[in-house]
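Data block below; observations after.
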Amino acid sequence: MFNPQLLLSNNSEPANIGWVCSTVPCNLGYGNRIAVSMVKKGDLTLETLSYQELEDQSNQVANLLTGYGLSMGSLLYIYLPKIIDYYPAFLGALKAGIRVCPLFSNFGPEALADRIGGNQTTAILTISSLLPRLKKALHDSLTLPIVFVLDWEADQEAPFKAYRPNLSQQSKVFNPLSVEDYTPSVLHYTSGSTGKPKGVQHVHKAVRGIQKAFLEVMKPSPDDIYWCTADPSWVVGVSYGIIAPLSLGMNLLQFEGVFNAQEWMKIIERYGVNILYSAPTVFRMMMRDETIDFSQNDFSQLKAIFSTGEPLNPEIYHWGVKNFGQKIYDVWYQTETASPQVANTPDIPVKPGSMGKAVQGIEVVIMDEQGKVCKPGIPGKLTIKAPWDSMFVAYLGREDLYNAKFKNGYYYTGDLARMDEDGYFWFLGRDDDIINTSGHLVSPIEVESCLIELAEVADVAVIGAPDALTWEKVVAFVKLAKNVEWNKKTELKFKTHVFNRVSSLAMPSDIVVIDNIPKTNSGKIMRRLLKRIYLGEDPGDIYSLEEA
Amino acid sequence: MDFSTLNEVFQETFDQPDLQVTPETTANDVVGWDSITHILLISAVELRFGIEFSRKEVMKFQTVGDLWNCVLSKL
């Protein structure tokens, strides 16, 4: 049983996330408990942070940032790989009322530039290996933020500061700022179907919904070793990789390295992971890895596996039961929801392939085009009754887009689904052009904007197509410029360009050369037509296809 | 062609002109080298050296040294 004083449902006072995740556990006598176990690259040894160390270091971060002029409402971007310093930095900023925006360490300059900006007081925490990309992204910035470089030993020319030496001089005492329920906390960016990525703003109040759903869905015990493999730059990696377990005084485990099936198996076994939370693409990669013999590993400590990001097909579910001796529970959530709204949980029978049932206290409804509730079995738009505890409060600077997501008190998720007679939901697809690849959303516009920069490209259109490994893959249709020869070298150049400018997730898996990009009279790319062409289907009535 | 050619492929693929890999380097040591870009890297190596790897060979690469030894066996 968890200490009742850790349970936010027992307390109605507004709670600063940074305080809840470090100070409260220390005040309850958890100071010597391990909060974070970071598995090091290479030898897979552990580096740990106790709750007291987390408290002290996050207080130092809060003092450092406020000392440089950041205050309530300022913004700290964290552009770091998975590294133990992430946790005190994240919580320390929140303690000082500073918003935190995590940035994926695989982002290239264009993806960074789309997310960093504005004239507010900002700072960026990064590491020297990522600095070249960051400098390219900041090249055209009018106002430079303060840039803290984690592994530098001394400050360099403004605005570049050495993080650790400056941090070590700070006091370990800091009184977390009082927050209101709607004080902004974490800012995540998510791809939109048009234009640049949208800044999804969350608030401190979200911690209540995050913790509540975590307890209901994952059924953790206080002493569980919990590994959420998601990178902390994504919403799952923040709300379920940091906030939920630390708010309960648990021991979270993370791995510095990239996916490697053999290493991951060793980590689960060596450190006795009890709850594993990962993604279908990861499980599919494990399934395909012929070098693993699962019977050689001891997974007896493992008591539950959860999955999120894209739908979990029944094949993986059955594979999980066979090889881990555990069911894999599919959990659905979005950047905007910050916690699961639909989930398979250990206390309900699993229907393999389904998203599960609505989480307790959440009203999930399938709506038709007219906004009427669909009967069971009828496909429609997946909506959630607003508000819920961890609901986002804004798309930064885009009130129009935010308001457009809500109709008659329901949030329209952009996903299509159906609900069966037993209340289980079944994912059917997206109702926009966004591509879900390996559990990450990619905007076709972002990839097109990147490819069109190349002199070899005259025109381009990007779509998502089904993929057995990543659920969907990015496919680019390219009209080449005159006299450009299509060969493996050109293809490689195109892919490498997207990887280095945007990210590996946005890189097209397939590039198709085409004479002309089909467009409507108004110039809109006919993506559905391209998808049918790509899949070898009959295009049918192409005009009704694009108007649908 | 020698090991420096392979290093050039790494520099170009990951857009890191100063990158120096060694036979002991793994994906964990190179910014951006993940399961997705691994395929890109393999294609770039194949193109530069005029060789082709089998799926089984690609699965077995744990270090740059493994990759380099496989390249050498095909030259």
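Letters A, B, ... mirror the listed sequences (proteins, then strands); counts begin at 1. The structure presented is a predicted model; accordingly, all values stated were derived computationally and were not measured.
Most heavy-atom pairs under 4.5 Å with chain A: of the set B:L19, B:L40, B:D29, this distinction falls to B:L40. Per-residue counts of heavy-atom pairs under 4.5 Å with chain B were compared for A:E491, A:E256, A:R288; the largest is that of A:R288. Here B:T37 is the residue among B:I39, B:T26, B:T37 with the most heavy-atom pairs under 4.5 Å with chain A. For the set B:L41, B:D18, B:N28, the entry with the most heavy-atom pairs within less than 4.5 Å of chain A is B:N28.
Using a 4.5 Å cut-off between heavy atoms, A:E263 touches chain B through its side chain atoms alone. Heavy atoms of A:F255 lying under 4.5 Å from chain B belong exclusively to its side chain. The parts of A:D289 that come within reach of chain B are both its backbone and its side chain, each placing non-hydrogen atoms under 4.5 angstrom from that chain. Of the two parts of B:E12, only the backbone, made up of N, CA, C and O, holds a non-hydrogen atom closer than 4.5 Å to a non-hydrogen atom of chain A. Neither the backbone nor the side chain of A:L469 comes within contact range of chain B; no heavy atom of the residue lies under 4.5 Å from a heavy atom of that chain. For B:S35, the part sitting under 4.5 Å from any heavy atom of chain A is the side chain, from C-beta outward, and nothing else. Interface remark: A:K473 contributes no atoms to any contact with chain B (heavy atom separation under 4.5 Å).
At least one test fails for A:R115 against the ring of A:Y77: distance under 6.0 Å to the centre or angle within 45° of the axis. Under a cutoff of 6.0 Å and an axis angle of 45°, A:K489 and A:F494 do not form a cation-pi pair.
Under a 4.0 Å N-O distance rule, the pair A:K136/A:E110 does not qualify as a salt bridge.
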Query raised in the report: Would A:Y189 and A:W234 count as a ring-ring contact (aromatic ring centres under 6.0 Å, His included) if you check the C-alpha gap in whole Å, the side-chain angles of each, and the deciding distance to 0.1 Å?
Result: CA-CA 9 Å; A:Y189 275 87; A:W234 306 112; over 10 Å; no
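A centroid separation of less than 6.0 Å is found between the aromatic rings of B:F53 and B:F61.
Screening B:W33, B:W68, B:F3 for a ring-ring contact (aromatic ring centres under 6.0 Å, His included) involving B:F10 leaves a single residue, B:W33.
Side-chain contact, A:S503 with A:N106: no donor N or O sits under 3.5 Å from an acceptor N or O. A donor-acceptor contact closer than 3.5 angstrom is absent between the side chains of A:T490 and A:E456.
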